[in-house]
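One structure is given here, and the rest of the page talks about it.
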Number of protein chains: 2
Amino acid sequence: MKQSTVISFESIRVACRHCTLSALCLPMGLAAEDVERLDEIVKRTRPLHRGDMLFRDGDHFRSLYVVKTGSFKTFAPSGEGGEQVLSFHLPGELLGLDAIDQGEHACSASALETSAVCEIPFARLEELTALIPSLQHHMYRLLSKEIGHDTDLLVLLGKKNAEERLAAFLLDFSKRLHKRGLSATDFHLSMSRHEIGNYLGLAVETISRLFTRFQEDGLVRVERKHIELLNLQGLENLIASSHLGRRQPPQRQQQT
Amino acid sequence: MKQSTVISFESIRVACRHCTLSALCLPMGLAAEDVERLDEIVKRTRPLHRGDMLFRDGDHFRSLYVVKTGSFKTFAPSGEGGEQVLSFHLPGELLGLDAIDQGEHACSASALETSAVCEIPFARLEELTALIPSLQHHMYRLLSKEIGHDTDLLVLLGKKNAEERLAAFLLDFSKRLHKRGLSATDFHLSMSRHEIGNYLGLAVETISRLFTRFQEDGLVRVERKHIELLNLQGLENLIASSHLGRRQPPQRQQQT
DNA sequence: CGTTTCTTTGATCCTTTTCAAACGGTGTGG
DNA sequence: CCACACCGTTTGAAAAGGATCAAAGAAACG
């Protein structure tokens, strides 16, 4: 049930028919026959290896992608060769939504480990959503959800200190894995410390030090990329209990 | 042509019929008859004053809003009464997209000055987009564009220093005003230093000091909320020329 | 098995925050 | 219409949280 490491070729094939289902449909319940139609437009693609690019920023936009197995990161250039990691994507999660507007990808996506995706030609999907109102609603929700994720990260980068950022990152990861039937307290980080730091707006060294500190405090057990969350509540507390004494000017906001 | 301060009641009425047009349609060219149908579902609302809330986070989601006149900020709670300002909205810009997913608003929106909005009942809009493919495409683009904005802000908060953030903020504001036919170099900031700082993830004092410094450097002329950009190129340079010597580990990324 | 990359740890530096205080504009009530 | 109180802004001085620099240890890789 909870094995995530070894997956046979056969199970990948099977999963393929359902990856769009889990990402696009399961969370909100779409009629079986509509899922079938959606499944028909999905293309299979060959697996990617660590470092392989799924798309690059500036590439012509053609398709959305659903992670089938493995994981990805997306990142945007930030001047002078620098990059900002925007998100990490686990199986069942969608990639490429930001490209719809400009017709070309606004960020790049690369595999963090050996991974596979489903490709969903957007033009076909768009036709389909026009015919199936529930699928259209679905797409709106997916896009809106993406905005919500970005908002969360904005709050993280704008208002949280290093400790809070890493704690939030670990808990978020934990929740997403759990949602997919994997352990919420014992998992493998497919990205490097550098990538985590980049994502959280912190230096590699800071990440390393925090992992050490969290371990000393009995919150986690870290061994290379293997993470064990020993005290979920403790991590939650790190996030919530912050800025207790910070002056926050009362913003008088009368009801309209 | 360039007057933004005094607007007669009559011109607001007229603008109302076209606010959805400018926000939802103009940038991408929608058929006139479809604009007409869209216009029919738009509701008029009474004006809001500084501090008035358009919606609060947690409110039931019913409609999207287009700013007709004035300006708004949106902000999300960030633990212990703190807030993160997520965006400022000028006339023609859309509010509320992040609420589609959860069915309730994920952030709050308040007026920065006396303002008016168009209300677009989302259920009605959704029906309409199912009938008009170009409008549906349009909605996808709008949602996607919102993700793009968030991405920009993420890069700002994750990778830029204080100076770069404020320069980027001023230039972004300038561009958006210019797009609406207003001066790109001479404008009024409707938000306080505090709100700017919150948005950029900086302390009020830092904003104040930077304004002073920018003025000393001849980049801008600041007088209270009135801003004059004296050297656009200089501001651009502040953004681009950064981190020249920063070590950025080469991330080998082979083509797929 | 050597080379490279990733991670960890220590020491120092620096940007921005925090604390403190004064100034200026605005609005309200007398 | 003025006095007073309040909020937003500015400026200075001190403190702190991370970044940067430096270097060694540990894995991964070819």
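Letters go in sequence order (proteins before strands), and every chain restarts at 1.
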Protein-nucleotide distance (B:H226, atom NE2; C:dG24, atom P), rounded to Å: 21 Å

Counting only side-chain N and O atoms of B:T206, is one of them less than 4.0 Å from OP1 or OP2 of C:dT15? no

Whole Å only: how far is the CG atom of B:L210 from the P atom of C:dT16? 8 Å

Let's see if you can work this out: which of D:dT9, C:dT7, D:dT11 has an atom nearest to the side-chain heavy atoms of B:R193? D:dT9

Rounded distance (Å) that lies between atom P of D:dG18 and atom CG of A:N198: 17 Å

Figure out the NZ/P separation between A:K225 and D:dA26, and round it to whole Å. 18 Å

Between B:R50 and B:E195 (salt bridge meaning N to carboxylate O under 4.0 Å), is one present in this structure? yes

Can you find a donor-acceptor N/O pair under 3.5 angstrom joining the side chain of A:E195 to the base of C:dC6? no

Taking the six-membered ring of B:F75 as reference, does the NZ or CZ atom of B:K73 fall below 6.0 Å from its centre and within a 45° cone about the axis? yes

Is A:E83 salt-bridged to B:K159, cutoff N-O under 4.0 Å? no

What integer distance in Å separates B:R50:CZ from C:dG27:C1'? 15 Å

Nearest-angstrom distance from the residue atom CG of B:L157 to P of C:dT16: 13 Å

Could you tell me whether the side chain of A:R209 has a donor or acceptor atom within less than 3.5 Å of a complementary atom in the base of D:dG17? no

Ignoring the backbone of B:R224, work out which of C:dG25, C:dT7, D:dG18 is nearest its side chain. C:dG25

Do A:R213 and C:dT8 have a side chain to base donor-acceptor pair shorter than 3.5 Å? no

What's the CG-C1' distance between B:L200 and C:dT16, to the nearest Å? 14 Å

Length of the CG-P vector between B:L112 and D:dG8, whole Å: 13 Å

Describe the nucleic acid contact of A:I207 in one word from base, sugar-phosphate, nothing, applying a heavy-atom distance below 4.0 Å. nothing

If each of B:V204 and A:G201 is mapped to the nucleotide of DNA chain D with the nearest heavy atom, which maps nearer the 5' terminus, i.e. the 5' end? B:V204

Whether the side chain of A:R165 and the base of D:dG18 hold a donor-acceptor pair under 3.5 Å is what I'd like checked. no

Side chain of B:E205 - closest among C:dT9, C:dT7, C:dC19: C:dC19

With a 4.0 Å cut-off on N to O distance, would you call A:R213 and A:D217 a salt bridge? no

Across the strands shown, which category fits B:S192 at heavy-atom distances under 4.0 angstrom: base, sugar-phosphate, nothing? sugar-phosphate

When the aromatic ring centroids of A:F72 and A:F88 are compared, is their separation below 6.0 Å? no

